[in-house]
Amino acid sequence: MNPIIFCLECDKFIGEEPRCPQCGWEREAQEAAPAGWEVWRFAAGDKLCSAPTIHQDTLYLGTEDGVLQAVDTRQGKEVWRFPLPEHWLPTEAAATGTLVFIGTRDARPLGSGDKALLALDAATGKEVWRFETGALNLSAPVVGAGWVYFAANDGTVRALEAKDGQELWQRKVEGWTPFHPTVAEGTLYLGSQGPILHALDAESGRVKWRFIAGGQIPYSPAAAEGVVYFGSWDGSLYAVEAQGGSEIWHFTAGGALTTSPAVAEGIVYFGCYDRQVYAVRAEGGREFWRFRTGGRVYSTPVVAGGKVYFGCDDRNLYAVDTDSGAEAWRFEAEGKIKCAPLVVRGMIYLGSRHGTLCALLCYEKERLLSPQEYERQGDILQAACAYALEGDLAKAAGLFQQEGEYTKAAELYRESDDLSRAAEMYAQAEAFGKAKELYRQAGEPLQLAELHVKLEEYLAAAEIFEREGEHSQAAEMYERVGDQARAKELYYQAGELVRAAELCVDLGSHYEAAKTYERAALIMEKEGEETDVDEHQLGELFTLAAQNYRLEFDDGRADECRRKAIRYKRLPDIQVNISAEEGFRVLEWKAFRLTLSNTGYGVAKDIEFTASGAFKGDATGRMSGLRDGDSREFKIAIKPTEAGEQVPLAIRVSYRDPLGELREVERETFIQVARYREPRSGRFSSIATVKKKIESLRRQHQQLVKNLSRLEEQAAKFGIAVPLHVLNDIDYHKEEIERIKAELSSLEE
């Protein structure tokens with residue numbers, strides 16, 4: 001029986017009431033009827049070219065005139081139709097959420113390679129997106145975990161994002177089959193027009209294994225309990241391990257297998273070219289029973305309620321007892337039955353080559369079993385209806401939820417005053433307006449906020465989280481809508497100082513970031529007085545504080561935080577001391593002392609230092625390492641190139657800590673450099689002598705300038721490959737010119 005306990009117009013739970021109190025719909029009188037009784041018939045207009053599929057209360061079927069039709073399951077009336085381009089035929093459909101997917105194939109033997117996978121709106125039949133392949137024929141699609149999988153006759157298998165058709169991966173395989181792949185436990189299984197069964201990783205398309213049978217594997221495999229079952233035209237049913245593809249057993253039938261296998265309760269059912277349907281035990285592969293028909297069977301068996309249903313070329317739909325293999329009843333259609341019947345909610349939906357779709361009863365209409373009996377038979381939806389009629393609405397709702405009937409589950413939870421669960425079910429059914437209203441009625445603002453998050457309505461979620469005192473979650477939502485300033489303030493209120501400091505950096509407030517990092521470190525430091533803390537993490541906080549203080553030129557605070565970071569991280573710390581005596585003159589060589597000291601922890605390795613500023617000289621050096629507590633002094637000769645009261649001299653030191661991380665330290669000092677001056681006594685003491693010296697220097701200067709010009713012209717002719725001796729001559733002339741200019745300036749004073 002298939003009791004109607006929900007209004008067929010508005011889905012309200014009505015139990016056995018004859019009239020819906022919400023919309024006024026009235027049920028027809030339900031007379032007694034046997035199993036196999038025809039409830040309604042729909043004329044599709046042309047031969048069915050694919051098995052019907054169902055999603056919620058709508059059937060989808062394709063016909064050979066190139067049309068996909070949507071039919072209401074309750075009354076057998078057309079909801080919408082989608083005509084394909086000329087010469088295109090639809091494959092079996094697949095549906096999820098609000099979308100219906102179909103592959104396409106060419107009606108002509110020699111067609112065009114322009115076929116696409118289409119996604120249609122389930123409610124209206126309008127095209128949402130299409131994925132062009134360039135192939136002649138596509139397989140039926142299959143949906144799993146928000147992805148759509150299908151194969152093409154060019155040997156390509158693809159995975160697309162269901163919501164927008166974005167390609168996730170593609171893989172070339174040997175051969176293909178127009179039947180849909182099978183997805184189970186993260187693996188995609190598909191046969192081929194050759195003897196190969198492929199197992200691909202569903203997330204990446206990586207080939208996990210391949211199994212070679214004795215003939216073609218044209219039909220979809222079945223997977224259950226870690227075993228993959230499939231038939232071949234070599235007359236065998238194979239059972240192989242899902243993990244590695246090793247054969248467990250194979251069963252030899254009386255001819256080529258003509259259907260996909262169906263697995264239920266430890267029995268595998270399939271049709272064969274010898275006009276028989278076989279039942280084989282899944283454990284061991286031994287024959288359980290066989291049933292002879294009046295024609296060949298191309299309709300994949302379907303198991304439900306202790307019966308196995310299959311169509312036949314003799315135009316009969318057979319219902320056979322799964323335990324005995326005896327015929328329970330049969331229904332004669334108007335044409336050959338090539339497609340698998342669809343058994344759901346106590347109804348059988350059957351398409352035939354005549355172009356009709358029939359809805360039949362699975363059970364005698366007057367017979368109502370106990371819900372426990374339906375559960376033992378595995379008919380969960382019938383059990384749910386029976387529980388609802390007995391008044392156990394919560395139990396019924398749970399079973400509807402288990403079977404993915406979220407709208408019905410929501411209605412029953414609402415009837416039993418569990419508004420929060422009802423809202424959750426409406427959200428699962430994508431009836432988001434009803435879900436929001438019920439969360440408000442139930443006084444569940446946080447669940448409402450989470451629903452806003454799921455719908456990417458982040459601002460609405462943020463306002464609710466903030467109002468409810470969930471400052472951290474509110475801050476995260478404000479971040480997503482780009483309000484970083486508000487997010488920062490809420491992170492402060494939540495006590496998440498590190499995240500607040502990171503936003504300060506994003507906002508360019510480095511001084512506030514530095515103080516916040518330091519504050520977080522000091523709090524953690526205080527906690528460490530009473531309990532163990534992660535000292536490396538504490539050191540990282542002080543490091544971040546130091547870096548941001550340095551960006552704001554607060555070297556004092558930066559050095560203090562850096563020293564704490566060194567202490568907590570137990571790292572070496574190179575201190576740089578520069579000692580320069582007085583008496584530096586421009587263009588005269590003089591030495592200064594550089595002292596490197598390791599005041600931290602452990603050995604500083606691969607130490608290198610470089611001096612920079614208005615000086616010339618070999619002011620670089622290196623050493624292999626410096627232990628903690630040790631110092632090393634270097635005497636470095638430099639020649640100032642400019643004079644001044646404070647000429648900057650910078651020393652940059654790089655080294656590696658014991659973890660191999662490169663660190664740098666830079667220190668700067670200022671040196672007083674006097675102008676160049678020749679002695680005013682001796683052989684240049686007289687005015688005449690000084691004038692003579694000036695004239696000589698001017699002549700030298702002119703000659704050097706001429707020589708330099710000539711050298712630069714010569715260098716230009718070489719392009720980028722200037723000889724080293726030419727470059728050295730140019731440098732020498734430039735230095736001499738600067739020296740003479742400085743000497744002339746001194747003499748002319």
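When all heavy atoms of A262 and P301 are compared, the closest pair comes out as CB-O, 3.3 Å. Closest approach of P141 to E92, counting heavy atoms only: CD-O, 3.3 Å. V100 approaches A93 most closely through the heavy-atom pair CG1-CB, 4.0 Å. What you find for I102 and T91 is that their closest heavy atoms are C-OG1, 4.0 Å. Across all non-hydrogen atoms, the minimal contact from A333 to S352 is CB-CB, 4.2 Å. Taking all atoms of both residues into account, the shortest heavy-atom contact from L99 to A162 is CD1-O, 3.3 Å.
D65 and T63 share a donor-acceptor pair across their side chains, judged by distance under 3.5 Å alone. Inspection of the Y406 and E411 side chains reveals no N or O donor paired with an N or O acceptor under 3.5 Å. Neither side chain, S232 nor S236, offers a donor N or O lying under 3.5 Å from an acceptor on the other. Using modelled atom types, one finds a donor on one side chain and an acceptor on the other under 3.5 Å when comparing Q473 with E450.
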Q: Determine, step by step, whether V128 and L118 satisfy the side-chain contact (heavy atoms from CB on, under 4.5 Å) criterion, reporting the C-alpha distance in whole Å, the side-chain angles of both residues, the deciding distance to 0.1 Å, and the verdict.
A: CA-CA 8 Å; V128 177; L118 304 180; over 6 Å; no
(Q) Walk me through whether R353 and E64 qualify under salt bridge (charged side-chain N to carboxylate O under 4.0 Å, His left out). (A) CA-CA 10 Å; R353 295 292 289 170; E64 291 194 355; 2.9 Å; yes
Q.
Working note: V302 + L342, criterion side-chain contact (heavy atoms from CB on, under 4.5 Å); need CA distance, chi angles, decisive distance, verdict.
A. CA-CA 7 Å; V302 177; L342 180 63; over 6 Å; no
Q: Please report the C-alpha distance between E430 and K454 in whole Å, then the side-chain angles of each, then the deciding distance to 0.1 Å, and finally whether the salt bridge (charged side-chain N to carboxylate O under 4.0 Å, His left out) criterion is met.
A: CA-CA 11 Å; E430 298 185 358; K454 180 179 179 180; over 6 Å; no
Q: Evaluate the criterion side-chain contact (heavy atoms from CB on, under 4.5 Å) for residue pair L59 and T53; output intermediate values, then yes/no.
A: CA-CA 6 Å; L59 292 162; T53 56; over 6 Å; no
Q: Evaluate the side-chain contact (heavy atoms from CB on, under 4.5 Å) criterion for residues C272 and Y278: first the C-alpha distance (whole Å), next the side-chain angles of each, then the deciding distance (0.1 Å), finally the verdict.
A: CA-CA 8 Å; C272 183; Y278 289 79; 3.5 Å; yes
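In the displayed structure, E287 atom CD is contacted under 6.0 Å by more than 12 heavy atoms of other residues, nucleotides or ligands. The environment of E327 atom CD is dense: over 12 non-hydrogen atoms of other residues, nucleotides or ligands sit within 6.0 angstrom. Within a 6.0 Å radius of CD in E203, no more than 12 heavy atoms belonging to other residues, nucleotides or ligands are found. For K208, the NZ atom counts as densely surrounded, since its 6.0 Å shell holds more than 12 non-hydrogen atoms of other residues, nucleotides or ligands. Enclosure of atom CZ in F432 by more than 12 non-hydrogen atoms of other residues, nucleotides or ligands within 6.0 angstrom is indicated.
Residues S139 and P181 meet the side-chain proximity criterion, which asks for heavy atoms closer than 4.5 Å. Counting heavy atoms from C-beta on, the side chains of I380 and Y374 never come closer than 4.5 Å. A 4.5 Å side-chain heavy-atom check between Y309 and V320 finds every atom pair outside the cut-off. Using a 4.5 Å heavy-atom threshold, the side chains of P341 and S299 count as touching. Inter-residue side-chain proximity for E78 and Q69 is flagged as met; some heavy-atom pair is nearer than 4.5 Å. Residues E161 and L168 have side chains in contact (heavy-atom distance under 4.5 Å, counting atoms from C-beta outward). Counting heavy atoms from C-beta on, the side chains of L419 and R414 come closer than 4.5 Å. With contacts defined as side-chain heavy-atom distances shorter than 4.5 Å, the pair E390/P371 qualifies.
A salt bridge between E444 and K436 is absent, with no side-chain N of the basic residue lying under 4.0 Å from a carboxylate O of the acidic one. A salt bridge links K338 and D313; the closest N-O separation between the charged side-chain nitrogens and carboxylate oxygens is under 4.0 Å. A salt bridge between E265 and R281 is absent, with no side-chain N of the basic residue lying under 4.0 Å from a carboxylate O of the acidic one.
A donor-acceptor pair under 3.5 Å is absent between the side-chain atoms of T182 and the main chain of A222, judged by distance alone. At least one donor-acceptor pair under 3.5 Å links the side chain of S50 to the backbone N or O of G62. Using a distance-only test at 3.5 Å, with no hydrogens or angles considered, a donor-acceptor pair links the side chain of W289 to the main chain of T322. A distance-only check finds a donor-acceptor pair linking the side chain of D314 to the backbone of N316 [under 3.5 Å].
Between F291 and F310, the two ring planes are perpendicular [angle over 60°; tilted spans 30° to 60°]. Relative orientation of the F270 and F251 rings is perpendicular, given thresholds of 30° and 60° on the angle between their planes.
In this structure, CG on L188 lies 11.5 Å from CZ on F150, to the nearest 0.5 angstrom. Of the inter-residue distances, the one linking D274 atom CG with R290 atom CZ reads 7.0 Å to the nearest 0.5 angstrom. In this structure, the separation between CD on Q441 and OG on S420 is 12.0 Å, given to the nearest 0.5 Å. Separating the NZ atom in K307 from the CD1 atom in I348 is a distance of 10.0 Å, to the nearest 0.5 Å. One distance of note links CG of L257 with OH of Y229; it measures 14.5 Å at 0.5 Å rounding. Going from atom SG of C49 over to atom CG of L61 covers 8.5 Å, rounded to the nearest 0.5 Å.
Partner of D379 under the side-chain contact (heavy atoms from CB on, under 4.5 Å) criterion, chosen from Q382, E375, R376: Q382. Screening E415, K408, Q22 against F13 for a side-chain contact (heavy atoms from CB on, under 4.5 Å) leaves a single residue, E415. For the side-chain contact (heavy atoms from CB on, under 4.5 Å) criterion with F101, the lone passing option out of W129, Y60, Y149 is W129.
The ring of F230 has its center no closer than 6.0 angstrom to the ring center of Y219. Taking the six-membered ring where the residue is Trp, the centroids of F400 and F6 are separated by under 6.0 Å.
Applying the side-chain hydrogen bond (donor to acceptor under 3.5 Å, both in side chains) test to every pair with at least one member in residues 392-402, sequence neighbours left out, gives these pairs: Q401-Y413, Q401-R421.
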